[in-house]
Asks: 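The structure follows.
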Amino acid sequence: DIQMTQSPSTLSASVGDRVTITCRASQSINSWLAWYQQKPGKAPKLLIYEASILQSGVPSRFSGSGSGTEFTLTISSLQPDDFATYYCQQYNSYSPTFGQGTKVEIK
Amino acid sequence: QVQLVESGGGVVQPGTSLRLSCAASGFIFRSYGMHWVRQAPGKGLEWVALIPYDGTNKYYADSVKGRFTISRDNSENTLYLQMNSLRAEDTAVYFCAKDSILAAQSPHYFDSWGQGTLVTVSS
């Protein structure tokens, strides 16, 4: 299986901060990467797919970049609603895998 | 709007079986692959299984292969997960999720999720 590694595992930030989360794949996945946001007790919500395409309805402060094995999710100006856990997911293989998650906490 | 509603979770003993259901509405169910994804308490997300739109070529995570069976009834717009020989490590919230690509035979990203149903395996 393709292993996905996110960093950091936890991130403390303030409202208005620029936040970057990294996701690395154990082998090239081209641009077949998605990002999700999950709040406690809720289902994940799709933010970005194909590494950089913003899902309809997702605020433009979210952006994604990368290809091959290294990817980033950036929140340009953190808002109160953005405190959550973020997961990357590869879909380059018949066994999709997720990163372990990055929890964005209030500083 | 897309709606996915899981049911069938509960507390069961190790070695027993359980069947989960996911009722779908708001989209052409028979045209999309469907997945089960699980999340152990306090842990991350783990993909479990995929069934393509036409019910062929099912795919499973190694952790459940041979024990779990995914199926679908396109006439009832319902997805199922039959879980046999349950283990403590199968304890999780189970989400059904819609694949994003029309009529695809392989997995992609998940553009809609249900609210999840909790399965607890404990003696």
Side-chain angles (χ1 to χ4, degrees), chain A residues 1-10 21 23 25 29-58 62 64 66 71 73 84-105, chain B residues 1-7 9 22 24 27 32-52 56-65 68 70 92-102 104-118:
Chain A
D1 285 0
I2 299 173
Q3 307 301 317
M4 306 300 293
T5 304
Q6 288 181 234
S7 59
S9 295
T10 306
I21 298 169
C23 179
I29 57 170
N30 300 294
S31 295
W32 305 126
L33 185 99
W35 289 96
Y36 301 87
Q37 176 193 68
Q38 187 181 33
K39 296 181 179 179
K42 301 295 187 182
K45 173 188 172 184
L46 176 66
L47 298 176
I48 286 168
Y49 60 94
E50 214 166 305
S52 62
I53 300 175
L54 201 65
Q55 172 71 347
S56 176
V58 174
F62 291 92
F71 303 85
L73 173 70
T85 299
Y86 294 83
Y87 294 93
C88 61
Q89 175 237 330
Q90 66 80 17
Y91 49 103
N92 188 66
S93 74
Y94 281 88
S95 185
T97 47
F98 292 88
Q100 81 278 14
T102 295
K103 185 175 183 180
V104 177
E105 298 181 327
Chain B
Q1 73 283 15
V2 173
Q3 191 167 15
L4 300 169
V5 179
E6 302 94 337
S7 60
C22 171
F27 67 104
Y32 288 89
M34 295 295 296
H35 302 260
W36 288 99
V37 178
R38 69 184 180 182
Q39 187 169 37
K43 302 298 184 183
L45 300 166
E46 179 187 17
W47 172 81
V48 173
L50 157 69
I51 185 167
T56 60
N57 299 320
K58 304 167 189 180
Y59 302 95
Y60 299 92
D62 287 344
S63 57
V64 307
K65 203 173 293 184
F68 289 12
I70 189 171
V93 173
Y94 285 74
F95 297 99
C96 66
K98 172 183 166 290
D99 196 275
S100 51
I101 303 300
L102 181 69
Q105 287 286 342
S106 61
H108 298 86
Y109 54 95
F110 316 120
D111 60 2
S112 297
W113 298 66
Q115 84 290 349
T117 187
L118 176 62

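First the proteins, then the strands, lettered A, B, ... as listed; each starts at 1. Nothing here was measured: the structure is a model prediction, and the numbers come from that model.
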Asks: Throw together a table of side-chain donor-acceptor distances under 3.5 angstrom for residues 94-101 of chain B, partners on residues two or more places apart or in other chains.
Replies:
unit_1: B:Tyr94; atom_1: OH; unit_2: B:Arg38; atom_2: NH1; d: 3.0
unit_1: B:Tyr94; atom_1: OH; unit_2: B:Asp90; atom_2: O; d: 2.6
unit_1: B:Lys98; atom_1: NZ; unit_2: B:Asp111; atom_2: OD1; d: 3.1
unit_1: B:Lys98; atom_1: NZ; unit_2: B:Asp111; atom_2: OD2; d: 3.0
unit_1: B:Asp99; atom_1: OD1; unit_2: B:Ile101; atom_2: N; d: 3.1
unit_1: B:Asp99; atom_1: OD1; unit_2: B:His108; atom_2: ND1; d: 3.2
unit_1: B:Asp99; atom_1: OD2; unit_2: B:His35; atom_2: NE2; d: 2.8
unit_1: B:Asp99; atom_1: OD2; unit_2: B:His108; atom_2: N; d: 2.8
unit_1: B:Ser100; atom_1: OG; unit_2: B:Tyr109; atom_2: O; d: 3.0

Asks: Heavy-atom pairs under 4.5 Å with chain B are the metric here; pick the option from A:Gly101, A:Gly99, A:Ala43 that has the most.
Replies: A:Ala43

Asks: Using heavy-atom distances under 4.5 Å, tell me whether B:Val93 contacts chain A through its side chain, its backbone, both, or neither.
Replies: neither

Asks: If we define contacts as heavy-atom pairs under 4.5 Å, which of A:Pro44, A:Gly41, A:Ser93, A:Ala34 has the most with chain B?
Replies: A:Pro44

Asks: Heavy atoms, side chains only, cut-off 4.5 Å: are A:Leu46 and A:Val58 in contact?
Replies: no

Asks: Report which part of B:Glu6 has an atom under 4.5 Å of a heavy atom belonging to chain A: side chain, backbone, both, or neither.
Replies: neither

Asks: So, the side chain of B:Thr117 versus the backbone of B:Ser7: is there a donor-acceptor pair under 3.5 Å, distance only?
Replies: no

Asks: Just by modelled atom types, is the A:Ile29 backbone N or O under 3.5 Å from a matching donor or acceptor in the A:Gln90 side chain?
Replies: no

Asks: Give a yes-or-no answer on whether the side chains of A:Gln6 and A:Thr102 include a donor-acceptor pair shorter than 3.5 Å.
Replies: yes

Asks: With chain A as the partner chain, list the residues of residues 39-48 of chain B whose heavy atoms fall under 4.5 Å from it, by residue number, and write 'none' if nothing qualifies.
Replies: B:Gln39, B:Lys43, B:Gly44, B:Leu45, B:Glu46, B:Trp47

Asks: Can any side-chain N or O of A:Gln55 pair as donor or acceptor with the backbone N or O of A:Ile53 at less than 3.5 Å?
Replies: no

Asks: Go through the atoms of A:Tyr87 and report whether side chain, backbone, both or neither lie under 4.5 Å from a heavy atom of chain B.
Replies: side chain

Asks: Heavy-atom count check: over 12 atoms from other residues, nucleotides or ligands less than 6.0 Å from A:Lys42 NZ?
Replies: no

Asks: Below 30° counts as parallel, above 60° as perpendicular, anything between as tilted: where do the rings of A:Trp32 and A:Tyr91 land?
Replies: tilted

Asks: Scan side-chain atoms only and decide if A:Thr85 and A:Gln38 contain a donor-acceptor pair under the 3.5 Å cut-off.
Replies: no

Asks: Need one label for B:Phe110: side chain, backbone, both or neither, based on atoms under 4.5 Å from any heavy atom in chain A.
Replies: both

